Peer 1: 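Let me begin by handing over the structure; questions about it come next.
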Protein chains: 2
Amino acid sequence: MSRRVTSQDVADLAEVSRTTVSFVLNNVNRFSIRPETAEKVRLAAQQLGYYPNASAKALASNQTQNIGLIFTRSPEYIASDSFLPQILSGMLDVVKQHSLSLLVEWVEPGQQLETYLQLTRAHHIDGIILMTPRTDDTGIKALEEADIPVVVMGYIPDSTLHSVDVNNLEAAQEAVEHLIGLGHRQIACITNAALPFTSAVQRLYGYRRALESAGIPFDPDLVREGDFEAKSGYKQMKSLLDSGKKFSAVFVASDAVALGAYKAIWEAGLAIPDDISIVGFDNLPLSSFISPPLTTVHMPARKIAQDSCYLLMRLMKREFPESRMVSLPTTLIIRDSTRKLEESRML
Amino acid sequence: MSRRVTSQDVADLAEVSRTTVSFVLNNVNRFSIRPETAEKVRLAAQQLGYYPNASAKALASNQTQNIGLIFTRSPEYIASDSFLPQILSGMLDVVKQHSLSLLVEWVEPGQQLETYLQLTRAHHIDGIILMTPRTDDTGIKALEEADIPVVVMGYIPDSTLHSVDVNNLEAAQEAVEHLIGLGHRQIACITNAALPFTSAVQRLYGYRRALESAGIPFDPDLVREGDFEAKSGYKQMKSLLDSGKKFSAVFVASDAVALGAYKAIWEAGLAIPDDISIVGFDNLPLSSFISPPLTTVHMPARKIAQDSCYLLMRLMKREFPESRMVSLPTTLIIRDSTRKLEESRML
DNA sequence: TAGTTATATTAACGCGCGTTAATAGTTGCT
DNA sequence: AGCAACTATTAACGCGCGTTAATATAACTA
């Protein structure tokens, strides 16, 4: 139970003042310090195993070196977020490179305002990355007004917050156009999430626009709402199959949900893509391994996370980028879950 | 750009001293405070939107209220950790309930000692949860000696650290015995990870012990090493199939890796479970949705995370539990990827 | 009324570090 | 030698809060 090593100890051992220690270890070159002195200090620090106390440093410098990753979903849903590993991976990568730390939080729906205020006022963190935003987030305005850098991973309409996202609308449109290009006309849709989640709306719009520009009427009976999990895809695909509506293809706006749809189709004695073509969205690591490998839209999840970090770090340095939105490209990855209509048996 | 609200402001507004404010807001009842005074303080705090500064609080109280979740793998591997969402979900759940925060870090192999020292000495965090430990972790000893609560999620041989884990050995043994019970005699094995990861060794032992107690000789040529990702399962299963060795079943010690094996089997023109039975390990949310649904060992991942938190919190309160190891039960979940040997075609 | 206890409140210090303004030391130039 | 212009170093304050020891007030006794 040895006493904590402070900068004073280092100063004593190096026979200099505490200030000098601070200057040396923080590379403050505004006041020049003799190289030998600096070396002496560094040596002493290493010898004592000195690490500056994070709280004290934060208090004195008014910078915590923490950035907050904030989820707007409850833990139950977080558990089934198949993207999370990639996101976290990307963030940890960048964050560590810049000697920052990552603080993970989630906010209860309805508690957003309170939580955001607390996070910013208590100054737990220097900046915020907000995941999977919802249009019904009651705290966004507080975040906009608070004097803290914020990056949204995703899209919030009419917000002044900076954001990093893909063009969900165009990507979804491209996916559905792929189906149309294969000759499909009756195309169902299962969303990735409930509609308060902006990505769900965007992808649904993409679906509609693709139909529209091909002159195919939109049929609300062919649309179902997923909720991140495979289970919802299973249920909704069953519902579609039971509805009696005819369709030869489905756009499922989430790979995880699509996997549920796979099961429903398979249980109904139908085959993919022989009877039904499926396009997913996300390109999870597992999507190329399921049978048949899923045609899907590649989301550069790791890159989104990294770019969000980079953007946030620029904001923290009070650099203001020209554009408020960073839009990353997606790619349609064609595998074996889609096929030309001629070759399929019409349902 | 209004100045930060401090406890002094609250004191001024409530016409009391700063100390009283602190007593009221921290529920210190050693000195009794008149209810009306307390109410006045609370009102003032709310009115001003006062939130105590986290750094100052940490510095003064010597408690950061952060617990560190530490990964011992590089971000590339973290990206393919299909368990992570459940783990994080469980931890966020508990942590939030107790007004703590979660700080996520990863340590580079070889940098463990340095990183652990920094984390503990800099006192960024009050406690540590160490994920997927490796036997070749060079910093474990430092962690044992450091005066900071640590919980290991998993198992480290010969360590004095507290840990929460399942009995990987018995679970694996049960899984393989299930195959043996179905009449299989030639059973291959693909590990979940490289052998420095303790869970991989344990599960491999379980496989060996099941063979042993059934009087089946162990054949090293039937064993391959996976590395968390589906891709490795694909590659290793291909290698097994190409080896010319006969086997009618495989124990794949990770569902994600098993999915890769599925693909290899399927590409080889074989069927599961007709030609090959497969047992996985983990019971990922997706495992019941793939085709055929995977027989696997259920890992209570979320519960492991929660229990780790609870244990850590006890340690942080300087309560020392009787047992150093918490062992959670697993369940073998039998689905459709395994079948009696008689009904299968022998490979 | 004076003395005693219980109750309520505050002044003041310390946590460990960053940083400014001031001081001591050194060199260059006239 | 005398002054200026650097260079190197330090004393001292503040960040915002927790907490102890001391003080002020009220509430009872005798």
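So you know, we letter chains A, B, ... as the sequences are listed, proteins then strands, and number each from 1. Below, each value reflects all heavy atoms present in this structure, side chains not excepted, and no hydrogens, waters or symmetry copies. Just so it is clear, the model here is predicted, and its values are computed rather than measured.
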Peer 1: Using a 4.0 Å heavy-atom cut-off to protein, can you give one letter per nucleotide of nucleotides 15-21 of chain D, 5' to 3': B if the base is in contact, S if only the sugar-phosphate is, - if neither?
Peer 2: BBBBBB-
Peer 1: Does the side chain of B:Met131 come within less than 4.5 Å of B:Ile87's, by heavy atoms?
Peer 2: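 Yes, close enough: below the 4.5 Å cut-off.
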Peer 1: Atom CZ of B:Arg34 to atom P of D:dA26: distance rounded to whole Å?
Peer 2: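 Rounding to the nearest Å, CZ of B:Arg34 and P of D:dA26 are 9 Å apart.
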Peer 1: Starting at atom CG of B:Asp12, determine the distance to atom P of C:dT10, rounded to an integer number of angstrom.
Peer 2: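 About 11 Å, once rounded to whole Å.
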Peer 1: So does B:Glu108 pair up with B:Arg73, basic N to acidic O under 4.0 Å?
Peer 2: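 Looking at B:Arg73 together with B:Glu108, the answer is no, because their closest N to O distance does not fall below 4.0 Å.
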Peer 1: Thinking salt bridges, do A:Glu39 and A:Arg34 make one under a 4.0 Å N-O criterion?
Peer 2: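 A salt bridge is absent here (no side-chain N lies under 4.0 Å from a carboxylate O).
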Peer 1: Would you call the rings of B:Phe197 and B:Phe228 parallel, tilted or perpendicular if under 30° counts as parallel and over 60° as perpendicular?
Peer 2: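 It falls in the perpendicular class, over 60°.
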Peer 1: Could you tell me the separation between the CD atom of A:Glu36 and the C1' atom of C:dT26, rounded to a whole number of Å?
Peer 2: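 It works out to 14 Å between those atoms.
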Peer 1: Tell me, do A:Leu43 and A:Gln47 make a side-chain contact under 4.5 Å, heavy atoms counted?
Peer 2: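 Touching, per the 4.5 Å side-chain cut-off.
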Peer 1: Looking at B:Arg302 and B:Asp93, is any side-chain nitrogen of the basic one under 4.0 Å from a carboxylate oxygen of the acidic one?
Peer 2: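 The answer is yes: the pair qualifies as a salt bridge.
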Peer 1: If I take atom NZ in residue A:Lys40 and atom P in nucleotide D:dA8, what distance separates them, rounded to the nearest angstrom?
Peer 2: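 To the nearest whole Å, that distance equals 13 Å.
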Peer 1: Please confirm whether the shortest side-chain N or O distance from A:Thr37 to OP1 or OP2 of D:dT9 is below 4.0 Å.
Peer 2: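 A:Thr37 to D:dT9 OP1/OP2: side-chain N or O found under 4.0 Å.
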